[in-house]
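Working notes, structure below.
Only this structure's heavy atoms are used, side chains among them; waters, hydrogens and symmetry mates stay out.
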Amino acid sequence: MDVFQRGSAVAFVGRIYLTVLRSRSTAQTVSLALWQGLTPDEAWFLSAVLAIWFGSSGELQKPDADSIVNTFGQSEIAGIASVLSLYRDRLVPFLRAAWSATDESEIQQSAVFFLAALAQIGVPTVQQALASPRVAAIRENFLASFPCPPELSAQFLGIPNKTTRSSGASTSSVAPAPKAAVGMPLARPSDAKAPEPAPRKQEIGKASRSERFDRAEAKPKTRSERFDSADFRTPPSLPPVPRLSAEETMVAHL
């Protein structure tokens, strides 16, 4: 499949798919959780949802936007894709870069925008959206008509795990021993100062009677005294009214 073919909505989905694919090799540890358990079909479906939303976002010329609509039609994906408008400012730079990409190097550049958007949206939000029963049913219907190309699926499954690669490298390397500072003489045992002796019990107990009285704790107030001194003029504060974040709003719509 030629993902760099111009004028093809499916090729655009392929460029988004490759962007998600390439992002894995440079993702931070927190973002790597997105790819744990993610299948090629789920990544392909996620790419299609992003492409359909971008086609209706007003960022494309009308012929290009119509090409996406005519390819995928007014499917159920459009209903769930509209929720992505909550993250418009975060998604547009990434999708615009994926739309304009003409080679692998530009796919790598769009991957930088994808990871930035993912860090702001949050991996748990994406995972909860993909795990929604409604989204899962829509995904099955979409894959029946637009299955993930085998060559793209093979690329997805062939990427090594970053955490495994990094852990293997760390076990084979040994940290070098720290070097002594240049020009600093080595300390001799005779130069070390002897520890100061601890104060004896007799010295500790030499405090005068008045000093011990000053340090003594005041007698706690009785219950009636605490009640009499209480200030009842200030009403108790009420808890704030909870407000849903953009992530919670998106999950609630799915």
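Panel note: side chain S132, backbone A129; no donor-acceptor pair is recorded below 3.5 Å. Between the Q120 side chain and the Y87 main chain, no donor and acceptor come within less than 3.5 Å of each other. The closest donor-acceptor contact from the side chain of S57 to the backbone of F54 lies under 3.5 Å. With N70 contributing its side chain and D66 its backbone, the two residues share a donor-acceptor pair below 3.5 Å. Looking only at distances, no side-chain donor or acceptor of S31 sits under 3.5 Å from a matching main-chain atom of Q28.
Between T19 atom OG1 and E106 atom CD the span is 10.5 Å, to the nearest 0.5 Å. The distance from the CG atom of L60 to the NZ atom of K62 is 12.5 Å, given to the nearest 0.5 Å. Atom CG in L21 sits 9.0 Å away from atom CH2 in W35 (nearest 0.5 Å). Between the CG atom of L18 and the CE atom of M1 there is a distance of 8.5 Å, given to the nearest 0.5 Å. Here L46 contributes atom CG and I16 contributes atom CD1; the two are 8.5 Å apart, rounded to the nearest 0.5 Å. Rounding to the nearest 0.5 angstrom, the gap separating the CD1 atom in I52 from the CD1 atom in I77 is 4.0 Å.
Hydrophobic clustering of Ile, Leu, Val, Met, Phe, Trp and Tyr side chains at less than 4.5 Å, counting indirect connections, unites V83 with V126. Follow the hydrophobic side-chain contacts under 4.5 Å out from V3 and you reach V10 in the same cluster.
Side-chain contact check for P40 versus L152: every heavy-atom pair is 4.5 Å or farther apart. Contact check for I121 versus L91: side-chain heavy atoms found under the 4.5 Å cut-off. In this structure, W44 and P149 have side chains that are in contact, with non-hydrogen atoms separated by less than 4.5 Å.
Residue pairs meeting the ring pair (Phe, Tyr, Trp, His ring centres under 6.0 Å) criterion with at least one partner in residues 120-139, sequence neighbours excluded, do not occur; the list is empty.
F12 and W99 have perpendicular rings, their planes meeting at more than 60° on a 0 to 90° scale where under 30° would count as parallel. Note on ring orientation: taking the six-membered ring where Trp is involved, the planes of F156 and Y17 are tilted (angle from 30° to 60°).
The two residues F94 and F113 make their nearest non-hydrogen contact at CA-CB, 3.4 Å. When all heavy atoms of S23 and A111 are compared, the pair lying nearest together is OG-CB, 3.3 Å. Of all heavy-atom pairs spanning V13 and A51, the tightest one is CG2-CB, 3.7 Å. Closest non-hydrogen pair, L115 versus A27, comes out as CD2-CB, 3.8 Å. Taking each heavy atom of R15 and Q5 in turn, the nearest pair found is NH1-O, 3.5 Å. Scanning all heavy atoms of the two residues, the minimum distance from S8 to A11 falls at OG-N, 3.2 Å.
The ring pair (Phe, Tyr, Trp, His ring centres under 6.0 Å) search around F146 returns F72, F142, not counting sequence neighbours. Take E59 and apply the salt bridge (Lys or Arg N to Asp or Glu O under 4.0 Å) test, not counting sequence neighbours, and it matches R88, R96. Residues passing the ring pair (Phe, Tyr, Trp, His ring centres under 6.0 Å) test with W53: none are found, sequence neighbours excluded. With sequence neighbours left out, D89 forms a side chain to side chain contact (heavy atoms under 4.5 Å, CB included) with no residue at all. Residues satisfying the salt bridge (Lys or Arg N to Asp or Glu O under 4.0 Å) test with D41, not counting sequence neighbours, are none.
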Checklist entry - Checking salt bridge (charged side-chain N to carboxylate O under 4.0 Å, His left out) for the pair E104/R22: CA distance, chi angles, key distance, verdict? => result CA-CA 9 Å; E104 184 65 31; R22 301 294 183 259; 2.4 Å; yes

Next on the checklist: side chain to side chain contact (heavy atoms under 4.5 Å, CB included) for L38 and L130? Distances and angles first, verdict last.
Outcome noted: CA-CA 10 Å; L38 187 69; L130 291 175; 3.9 Å; yes

